[in-house]
Amino acid sequence: MSIMAAVYAGGWALFVWVGDSWWQLLVAAALAVIFAQLGFLAHDLGHRQVFRTRRPSDVAGLIIGNLGVGLGWGWWTTKHNKHHANPNHEDHDPDVSPAVIVWSQDQARRSAGLPRFIAKYQAFWFFPLLTLEAWHLHIASFKALFQGTAKRPAIELTLLITHVVVYFGAVFAVLPFGKALLFLAVHQGLFGVYLGSTFAPNHKGMPVLTKEDKLDFLRKQVLTSRNVRGNLFTDVALGQLNYQIEHHLFPNMPAPNLRKAQPIVESYCAEIGVDYLQTGLIESYGQALRHLHEVGAPLR
């Protein structure tokens with residue numbers, strides 16, 4: 001957390017130092033990576049991996065999520081916990097609710113309007129659409145605060161507004177209008193692509209469950225999740241979410257310990273005859289995109 005705080009401050013110091021220059025597009029790309037890494041840390045805080053008690057987790061999560069990144073930490077944590085309870089379940093997992101992207105052929109057949117148009121070739125649309133993901137998360141964070149479900153609406157709204165004012169104020173104060181708009185497009189676009197690229201290998205292309213599926217906890221978590229093998233670079237780049245199976249079985253396990261649990265879990269799954277999928281990063285994208293293309297087949 002200390003390293004990330006220093007890197008975050010350093011990124012914005014670099015932004016001010018570079019000033020009115022086209023080099024700011026590289027700064028925007030670097031800040032996109034920094035924002036995503038802060039998002040991983042907020043994710044871990046939401047799972048109570050970092051602190052032993054709730055209060056410091058909440059305080060750090062609100063500061064990092066709402067103030068630092070501009071994402072509603074309370075809203076996202078609630079949504080993400082619903083995903084963990086029923087991963088890839090059409091009726092209960094908000095991450096596979098049909099929106100612009102559809103996740104099963106039944107959803108594709110029921111789609112209309114823009115989702116129906118996109119679904120035909122959504123495998124090709126997937127990564128371009130991720131450039132809008134960060135904007136979607138920012139807007140959804142504000143909307144959630146006015147739906148009456150947030151636990152701390154005043155605090156969350158204050159921190160989100162502070163982030164927006166300081167963020168846009170700094171960008172437009174340092175850069176002329178045109179460059180400022182381009183900086184925002186590159187920064188938020190790459191931020192969304194990075195986030196989406198780390199989440200896509202985890203469940204996309206894995207079985208989508210319905211009310212007809214009756215699975216115990218272990219099978220529900222393992223059969224809908226995919227691990228991505230790699231090295232230290234992969235672990236850092238993916239926020240250690242490449243150990244997705246272990247993370248779903250033990251969501252409050254500190255992320256650095258997931259790699260230690262991986263061989264134990266894999267061995268146990270082999271012992272009891274439960275499929276355990278682990279693949280390379282590129283192949284994980286291939287599996288996800290092939291699934292998305294197959295989902296759109298009825299509309300082609």
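Keep in mind it's a predicted model, so treat the numbers as computed, not measured. Throughout, numbering of the chain's residues begins at 1 and tracks the sequence.
Separation of atoms CG (Leu31) and CG (Leu38) is listed at 10.0 Å; rounding is to 0.5 Å. In this structure, Thr78 OG1 and His83 NE2 are separated by 14.5 Å, a value rounded to the nearest 0.5 Å. We find the CG-CG distance between Leu157 and Leu145 to be 5.5 Å, quoted to the nearest 0.5 Å. Within the model, atoms SG of Cys269 and CD1 of Ile264 stand 12.0 Å from one another, a figure rounded to the nearest 0.5 Å. For the atom pair CD of Gln221 and CD of Glu246, the computed distance is 12.0 Å after rounding to the nearest 0.5 Å. From Leu292, atom CG reaches atom CD of Gln287 across 12.0 Å, with rounding to the nearest 0.5 Å.
Of the possible donor and acceptor atoms, one in the side chain of Asn88 sits under 3.5 Å from a partner among the backbone N and O of Pro207. For the pair Arg48 (side chain) and Asn252 (backbone), a donor-acceptor distance under 3.5 Å is absent. Side-chain atoms of Asn86 do not come within 3.5 Å of backbone N or O of His89 as any donor-acceptor pair. Using a distance-only test at 3.5 Å, with no hydrogens or angles considered, no donor-acceptor pair links the side chain of Ser267 to the main chain of Pro263. Under a 3.5 Å cut-off, the side chain of Ser225 and the backbone N or O of Val222 do not form any donor-acceptor pair. Side chain of Gln24 to backbone of Gly19: a donor-acceptor contact under 3.5 angstrom is found. A donor-acceptor pair under 3.5 Å is absent between the side-chain atoms of Glu133 and the main chain of Val193, judged by distance alone. Not one N or O on the side chain of Glu156 forms a donor-acceptor pair closer than 3.5 Å with the backbone of Pro153. Not a single donor-acceptor pair under 3.5 Å links the side chain of Thr131 to the backbone N or O of Phe127. In terms of modelled atom types and a separation under 3.5 Å, the side chain of Asn66 and the main chain of Trp73 share a donor-acceptor contact.
Val27 and Val166 are not part of a single hydrophobic cluster, where members link through side-chain heavy atoms under 4.5 Å apart. Note on Leu281: it does not cluster hydrophobically with Leu258, by side-chain heavy-atom contacts below 4.5 Å among ILVMFWY residues. One hydrophobic cluster, built from ILVMFWY side chains closer than 4.5 Å, holds both Tyr167 and Leu160. Trp23 and Leu175 end up in the same hydrophobic cluster when Ile, Leu, Val, Met, Phe, Trp and Tyr side chains are linked at under 4.5 Å. Linking Ile, Leu, Val, Met, Phe, Trp and Tyr residues whenever their side-chain heavy atoms come within less than 4.5 Å places Val165 and Leu67 in a single cluster.
When all heavy atoms are compared, the tightest approach of Gly280 to Val228 is C-CG1, 4.0 Å. Heavy-atom minimum distance, Val295 versus Ser104: CG1-O, 3.3 Å. Smallest separation of non-hydrogen atoms from Ala85 and Pro87: C-CD, 3.7 Å. Closest approach of Ser197 to Tyr285, counting heavy atoms only: O-OH, 2.7 Å. When all heavy atoms of Val186 and Ala29 are compared, the closest pair comes out as CG1-N, 4.4 Å. Across all their heavy atoms, Tyr194 and Ala36 have their closest contact at CD2-CB, 3.2 Å.
Residues Arg226 and Glu283 are not paired through a salt bridge, judged by the lack of any N-O separation under 4.0 Å between the basic side chain and the carboxylate. Ion pairing of Arg152 with Asp58 is present here, as a side-chain N (NZ or NE/NH1/NH2) and a carboxylate O approach within less than 4.0 Å. For the pair Lys220 and Asp213, the salt-bridge criterion is not met [side-chain N within less than 4.0 Å of a carboxylate O].
Within the 4.5 Å cutoff, side-chain heavy atoms of Val50 are placed close to those of Met1. Using a 4.5 Å cut-off on side-chain heavy atoms (C-beta onward), Phe124 and His293 make contact. The shortest side-chain heavy-atom distance between Glu90 and Val208 falls under the 4.5 Å cut-off. By the 4.5 Å heavy-atom criterion applied to side chains, Trp76 and Ser141 are not counted as neighbours. Contact check for Trp125 versus Phe117: side-chain heavy atoms found under the 4.5 Å cut-off. For the pair Gln262/Gln278, a side-chain contact is recorded, criterion being any heavy-atom separation below 4.5 Å from C-beta on. Using a 4.5 Å heavy-atom threshold, the side chains of Phe35 and Tyr8 count as touching. For the pair Leu238/Tyr243, no side-chain contact is recorded, criterion being any heavy-atom separation below 4.5 Å from C-beta on.
At most 12 heavy atoms of other shown residues, nucleotides or ligands fall within 6.0 angstrom of atom CG in Asp275. Environment of NZ in Lys82: sparse, with no more than 12 heavy atoms of neighbouring residues, nucleotides or ligands closer than 6.0 Å. Within 6.0 Å of NZ on Lys120 lie no more than 12 heavy atoms contributed by other residues, nucleotides or ligands. The number of heavy-atom neighbours closer than 6.0 Å to CZ of Arg54, taken from other residues, nucleotides and ligands shown, is 12 or below. Within 6.0 Å of CZ on Phe217 lie more than 12 heavy atoms contributed by other residues, nucleotides or ligands. Heavy-atom neighbours of Ile272 CD1 from other residues, nucleotides or ligands within 6.0 Å: above the threshold of 12.
Under the side-chain contact (heavy atoms from CB on, under 4.5 Å) rule, Gln122 has a single partner from Val102, Leu289, Leu299, which is Val102. Exactly one of His43, His247, Arg259 qualifies for a side-chain contact (heavy atoms from CB on, under 4.5 Å) with Gln240. That residue is Arg259. Exactly one residue among Asn227, Thr234, Asn202, Asp235 makes a side-chain hydrogen bond (donor to acceptor under 3.5 Å, both in side chains) with Asn242. That residue is Asp235. Exactly one of Phe172, Phe168, Phe15 qualifies for a ring pair (Phe, Tyr, Trp, His ring centres under 6.0 Å) with Phe183. That residue is Phe15.
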request  = Mind running side-chain contact (heavy atoms from CB on, under 4.5 Å) on Phe191 and Val69 for me, showing each step along the way?
outcome  = CA-CA 10 Å; Phe191 178 29; Val69 182; 3.4 Å; yes

task = Could you go through the side-chain contact (heavy atoms from CB on, under 4.5 Å) check for Leu195 and Leu137 one step at a time?
result = CA-CA 11 Å; Leu195 281 181; Leu137 291 173; 4.0 Å; yes

ask   = Between Asp93 and Val96, does a side-chain contact (heavy atoms from CB on, under 4.5 Å) hold up when you go through it step by step?
value = CA-CA 6 Å; Asp93 183 356; Val96 293; 3.7 Å; yes

request  = Apply the test side-chain contact (heavy atoms from CB on, under 4.5 Å) to residues Lys204 and Trp103: give CA-CA distance (whole Å), side-chain angles for both, the deciding distance (0.1 Å), then the verdict.
outcome  = CA-CA 8 Å; Lys204 309 314 176 193; Trp103 307 103; 3.5 Å; yes

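Between His291 and His203, the ring center distance fails the sub-6.0 Å criterion. The aromatic ring centroids of His84 and His47 lie less than 6.0 Å from each other.
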